[in-house]
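Please read these numbers as outputs of a predicted model, since none were measured by experiment. The first residue of the sequence shown is numbered 1, and numbering continues consecutively from there.
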Amino acid sequence: MNSLHKGTYLGINKNEQTVESILLSLTSYSEGLESDWHYHENPYFALILDGGSIEERKADSIECVPGNLIFYNWQEPHKNVNYQKRSCNFNVEFDNDWIRELDIDMSKCAGSFLVKNIDHKFIVLKLLKEHKFTDAVSKLTIQSLTLQLVSSTTLSPQPKKKPVWIELLYQLLNDRWNENFSLLELSQILDVHPVSISRYFPKYFNCTLGEYIRKIRIDRSLNLIRTSKTSLVQIACECGFADQSHFIRVFKEN
């Protein structure tokens, strides 16, 4: 049986992006394509954007259609047949070693299954948006969203009351709003596991880490526009945007 290495799928990858141990890719499949039995060396989520196929597994088979989100645990045997015209998936793959380092137990998850929780689908859609968007905080957002997705799949319990570190994180992001943190740096500063930050941030801030940072930067930039004679180009630079066009694009998004 074939073992497929990281980033290797039956189709052709487009727009690959690696964020540390996470690989995002859009993969297209030709009509009528079929595969032999195989498994992947890493776990991954696949969101079917267009087309689809029939997937055969050890015990059953399913019809993969647009809108389906499928989780594949590592070393789960399967094969795909009868790919439809214009078939395209968005894949979110992550290294097994990375998951182990974060003490996430993926053995609790089934080998592969259709993800029916609509919140999980929206997380993947946000990852797709970040994959296409790409700015200074995209890396942090992609890490956070992926950990949120993975940790929610393991069904670990949520805290009953607001953690103390939430307020500390709020102060940190607002006081040092023009700095680009990594998820690991935030974890070390707050002395909180990266999974906890990723999973519980949206609950208390009603958005992703990246979205919140962008909102703060837009707010600071508006204040500078009102109170100073600084050029828009310089304001964009001071507020952490790549250039004026990037600033305008983020402003419209928010």
Side-chain angles (χ1 to χ4, degrees), residues 15-26 45 47 90 92-95 98 102 119-120 122-152 163 165-225 230 232-254:
N15 304 324
E16 279 191 354
Q17 179 183 7
T18 301
V19 178
E20 294 191 0
S21 298
I22 304 163
L23 176 68
L24 308 179
S25 64
L26 288 165
F45 290 87
L47 177 64
F90 173 58
V92 181
E93 183 175 348
F94 38 94
D95 291 351
W98 178 63
L102 292 171
D119 291 333
H120 295 176
F122 274 100
I123 293 174
V124 177
L125 288 172
K126 287 183 177 181
L127 279 164
L128 178 58
K129 178 183 176 182
E130 289 296 332
H131 178 53
K132 294 180 176 180
F133 194 85
T134 310
D135 66 3
V137 296
S138 289
K139 179 178 178 180
L140 172 63
T141 309
I142 288 169
Q143 290 178 309
S144 178
L145 285 171
T146 302
L147 278 178
Q148 184 185 348
L149 180 65
V150 173
S151 64
S152 60
W165 61 263
I166 289 291
E167 181 61 30
L168 297 176
L169 180 57
Y170 172 83
Q171 295 174 4
L172 175 66
L173 295 179
N174 280 270
D175 291 344
R176 299 167 62 178
W177 57 272
N178 57 346
E179 297 183 37
N180 292 318
F181 294 101
S182 71
L183 191 58
L184 180 59
E185 288 171 335
L186 290 176
S187 172
Q188 291 171 341
I189 293 171
L190 299 169
D191 194 23
V192 176
H193 199 288
V195 170
S196 297
I197 298 174
S198 303
R199 185 166 188 189
Y200 303 126
F201 186 92
K203 177 179 179 180
Y204 296 103
F205 289 81
N206 297 312
C207 61
T208 68
L209 259 169
E211 289 168 343
Y212 187 74
I213 292 171
R214 291 185 189 118
K215 287 177 182 178
I216 296 174
R217 291 179 176 181
I218 287 292
D219 183 62
R220 296 295 193 277
S221 66
L222 291 176
N223 184 57
L224 288 174
I225 290 172
T230 307
L232 195 58
V233 173
Q234 187 173 346
I235 289 174
C237 182
E238 290 179 4
C239 292
F241 299 99
D243 50 36
Q244 182 177 336
S245 62
H246 178 218
F247 166 68
I248 293 172
R249 182 157 56 99
V250 175
F251 182 84
K252 290 180 178 179
E253 287 278 340
N254 290 274

Spacing of [X] atom [atom1] and [Y] atom [atom2] [to the nearest 0.5 Å]:
| X | Y | atom1 | atom2 | answer |
| --- | --- | --- | --- | --- |
| K139 | T18 | NZ | OG1 | 11.0 Å |
| I123 | L128 | CD1 | CG | 14.0 Å |
| Q148 | K126 | CD | NZ | 7.0 Å |
| K132 | S138 | NZ | OG | 13.5 Å |
| L190 | I197 | CG | CD1 | 5.0 Å |
| E179 | I213 | CD | CD1 | 10.5 Å |

Do [X] and [Y] come close enough that some side-chain heavy atom pair is under 4.5 Å?
| X | Y | value |
| --- | --- | --- |
| I22 | E93 | no |
| L47 | L125 | yes |
| P194 | L102 | yes |
| V92 | L23 | no |
| L147 | R199 | no |
| Y170 | Y212 | yes |
| L173 | L169 | yes |
| E211 | T141 | no |

Do [X] side-chain atoms and [Y] backbone N/O form a donor-acceptor pair below 3.5 Å?
| X | Y | value |
| --- | --- | --- |
| E185 | S182 | yes |
| H131 | F90 | no |
| S25 | E16 | no |
| S187 | L183 | no |
| T146 | Q143 | no |
| S144 | L140 | no |

Exercise. Would one find more than 12 heavy atoms of other residues, nucleotides or ligands at under 6.0 Å from atom CG of D175?
Worked result: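 Enclosed: over 12 neighbouring heavy atoms sit under 6.0 Å from CG of D175.
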Exercise. Sequence neighbours excluded, which residues qualify as ring-ring contact (aromatic ring centres under 6.0 Å, His included) partners of F181?
Worked result: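 Per chain and number, F181 pairs via ring-ring contact (aromatic ring centres under 6.0 Å, His included) with no residue.
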For this session: Kindly write out the residues that satisfy ring-ring contact (aromatic ring centres under 6.0 Å, His included) with F45, not counting sequence neighbours, or none if the list is empty.
Result: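 With neighbours one apart ignored, the set is F71.
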Non-hydrogen atoms of [X] and [Y] that approach each other most closely:
| X | Y | result |
| --- | --- | --- |
| P163 | Y204 | CD-OH, 3.4 Å |
| N178 | R217 | C-NH2, 3.8 Å |
| L127 | L24 | O-CD1, 4.3 Å |

For this session: Would you please test I142 and Q17 for side-chain contact (heavy atoms from CB on, under 4.5 Å) and show each step?
Result: CA-CA 10 Å; I142 288 169; Q17 179 183 7; 3.7 Å; yes
Exercise. Would you call R214 and E130 a salt bridge, using N to O less than 4.0 angstrom?
Worked result: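 So R214 pairs with E130 through a salt bridge.
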Problem set entry | W165/Y200 under side-chain contact (heavy atoms from CB on, under 4.5 Å): CA gap, chis, key distance, verdict | CA-CA 11 Å; W165 61 263; Y200 303 126; 4.3 Å; yes
Exercise. Of L209, I166, L145, which meets side chain to side chain contact (heavy atoms under 4.5 Å, CB included) against F201?
Worked result: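 Result: among L209, I166, L145, L209 is the only option passing the side chain to side chain contact (heavy atoms under 4.5 Å, CB included) with F201.
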